[in-house]
Every structure is written in structure tokens, then in C-alpha cells.
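FYI, side chains are in, hydrogens and waters are out, and symmetry mates aren't considered; it's all heavy atoms of this structure. Counting from 1, the numbers follow the sequence of the chain as shown.
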Amino acid sequence: MGSVFELLAVLLAAFGLVSLGWLAVGALLLPGVCPARMVVEASGDGGGLEQTVKALLWLRRTGLWWGRVVIEDCGLDRNGEALARALGAQPGVEFFQDNIDCV
């Protein structure tokens, strides 16, 4: 019975070391100075816009990504524009109505 506990302790210790190594390598690979800007092209009623922006803000809160979220109007209707303006009021989110670069 004692050898089972020793085996579990060794496995947990090995998992802990691998996890710490994974975190260290991840911290080294994060960009340091140059944050990226995510541009979200929104059209119509803005279907999926709120989920996309919330996911990107979650990445910012966890420290996995640094930068700003830009919502670009690519033909939003009234409801979609209202949603984009509400999301653009959050810190770290910008809303642009210039749809020159939309595909």
C-alpha cells in the first residue's frame, strides 16, 4: 500500500515539474513590448460579436494577449450598431464606423 502512495507522489511531482516548465516556456514566448490589435469585422445584426469581444477580453484578463480590440463596422444594421457601441464603451475596446477596408 505504501508503494502505491509513493508512486502517486512521484507522478504528481513529475506532473508539477512539467507544468512549471510549460508555464516558463509560455512566459518566454509571450510578446513583450509590441501588443497586437485585433480587428473584428462586424456586419448585419452583429451575430457572434459579443462572444468574440468577450473572448478577446478574457485573453487580455488572463495575460495571454496584450492589445486592443477594434470593432470595424462592415455594414451593421441599427441593432448591430447599438451592440457594437455598447461593447466599444468597455475599456480596451474601440468601435470604428469607417468601412473602407471591409471585404
Please report the closest heavy-atom contact between [X] and [Y], naming both atoms and the distance.
X: Cys74; Y: Ser43; value: O-CB, 3.2 Å
X: Ala84; Y: Phe95; value: CB-CE1, 3.4 Å
X: Leu83; Y: Glu50; value: CD1-OE1, 4.2 Å
X: Asp77; Y: Asp45; value: OD1-CA, 3.4 Å

Side chains of [X] and [Y]: does their closest heavy-atom pair fall under 4.5 Å?
X: Met38; Y: Trp65; answer: yes
X: Val69; Y: Glu94; answer: no
X: Arg60; Y: Leu56; answer: no
X: Leu76; Y: Asp73; answer: yes
X: Glu72; Y: Gln97; answer: no

Matching residue for Val40 among Val93, Val70, Leu49 - test: side chain to side chain contact (heavy atoms under 4.5 Å, CB included):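 So, applying the side chain to side chain contact (heavy atoms under 4.5 Å, CB included) to Val40 and each of Val93, Val70, Leu49, only Leu49 qualifies.
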Arg68 CZ to Leu57 CG distance, which is reported to the nearest 0.5 Å: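 Atom-to-atom, Arg68:CZ and Leu57:CG are 10.0 Å apart.
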Reported CZ-to-CG distance for the pair Phe15 and Leu20, which is rounded to 0.5 angstrom: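 Reported to 0.5 Å precision, the distance equals 10.0 Å.
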